[in-house]
Amino acid sequence: MPANILNEHGTVTLSDDLIAIIAGTAAVENYGIVAMNSKSATDAILQLVGSENMKRGVDITVLSDGVTVDIDLHVTVMYGVSLPAVAQNAVSNVKYRVEELTGLHVRNVNIFVESIRV
């Protein structure tokens, strides 16, 4: 379900893909996160072929009010980093970027560490 922002000029509709690209880009900017993981078979095939997809590993849930979102990130982290510190930085950065660029309210950012890369 796309997010809708109502203002004095009308309604702005933001697709889930747009929000996912912003969140994925913000997540990989953080030290310690080396990749986003596939969440579907299609993403896994595209990853093998080498296609870069910034929304890979990002699930967006728009709540019923249309302006609040929950974000799930499936990531690969670097070996030897503090997982709580990396997760806390990623949550802060993703929440800030999505709220700043879209005007939506981010309720939750959930980090799922799928693997560790040495």
Side-chain angles (χ1 to χ4, degrees):
M1 174 172 121
N4 295 309
I5 300 172
L6 184 64
N7 61 25
E8 66 274 2
H9 302 293
T11 302
V12 178
T13 302
L14 304 171
S15 72
D16 291 348
D17 287 346
L18 172 70
I19 301 166
I21 289 169
I22 293 169
T25 303
V28 296
E29 289 176 350
N30 291 292
Y31 176 78
I33 295 180
V34 294
M36 301 298 291
N37 285 11
S38 306
K39 62 181 181 180
S40 69
T42 305
D43 284 343
I45 292 169
L46 289 174
Q47 186 176 3
L48 288 174
V49 182
S51 174
E52 187 58 36
N53 183 1
M54 291 313 295
K55 62 185 180 185
R56 178 188 320 130
V58 181
D59 290 320
I60 302 295
T61 304
V62 179
L63 302 179
S64 59
D65 65 358
V67 294
T68 305
V69 296
D70 287 339
I71 302 171
D72 295 337
L73 302 171
H74 301 269
V75 301
T76 298
V77 296
M78 181 186 310
Y79 177 77
V81 298
S82 170
L83 295 179
V86 169
Q88 183 178 15
N89 288 339
V91 167
S92 298
N93 193 31
V94 169
K95 182 174 180 168
Y96 172 76
R97 295 288 178 147
V98 171
E99 288 181 346
E100 186 70 21
L101 293 174
T102 65
L104 299 173
H105 173 69
V106 177
R107 185 177 73 165
N108 293 316
V109 177
N110 302 309
I111 307 287
F112 297 94
V113 177
E114 301 286 335
S115 63
I116 296 176
R117 187 175 296 164
V118 178

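Residues take their numbers from the sequence shown, with the count starting at 1.
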Positive for salt bridge (Lys or Arg N to Asp or Glu O under 4.0 Å) with K55, one of D17, D72, D16: D17

Could you give the distance from [atom1] ([X]) to [atom2] ([Y]), rounded to the nearest 0.5 Å?
{"X": "E100", "Y": "K95", "atom1": "CD", "atom2": "NZ", "answer": "13.0 Å"}
{"X": "L83", "Y": "Q88", "atom1": "CG", "atom2": "CD", "answer": "13.0 Å"}
{"X": "L73", "Y": "E114", "atom1": "CG", "atom2": "CD", "answer": "11.0 Å"}
{"X": "L104", "Y": "L63", "atom1": "CG", "atom2": "CG", "answer": "10.5 Å"}
{"X": "I33", "Y": "N89", "atom1": "CD1", "atom2": "CG", "answer": "9.0 Å"}
{"X": "T13", "Y": "L6", "atom1": "OG1", "atom2": "CG", "answer": "10.0 Å"}

Can you find a pair of side-chain heavy atoms, one from [X] and one from [Y], that are under 4.5 Å apart?
{"X": "Y31", "Y": "V81", "answer": "yes"}
{"X": "V34", "Y": "M78", "answer": "yes"}
{"X": "V75", "Y": "I111", "answer": "yes"}

Tell me the closest heavy-atom pair linking [X] and [Y], and the distance in Å.
{"X": "S115", "Y": "T76", "result": "OG-OG1, 2.9 Å"}
{"X": "I19", "Y": "L14", "result": "CD1-O, 4.3 Å"}
{"X": "D70", "Y": "N108", "result": "OD1-N, 3.3 Å"}
{"X": "A23", "Y": "V58", "result": "CB-CG1, 4.1 Å"}
{"X": "G57", "Y": "M36", "result": "O-CE, 3.8 Å"}
{"X": "Y79", "Y": "I116", "result": "CA-CG2, 3.5 Å"}

Checking side chain to side chain contact (heavy atoms under 4.5 Å, CB included) against I71, which of I60, N110, I22 comes through? I60

Would [X] and [Y] show up in the same hydrophobic cluster when neighbours are defined by side-chain heavy atoms closer than 4.5 Å?
{"X": "V98", "Y": "I5", "result": "yes"}
{"X": "V28", "Y": "Y96", "result": "no"}
{"X": "V109", "Y": "F112", "result": "no"}

Crowded around E99 CD? As in, over 12 foreign heavy atoms under 6.0 Å? yes

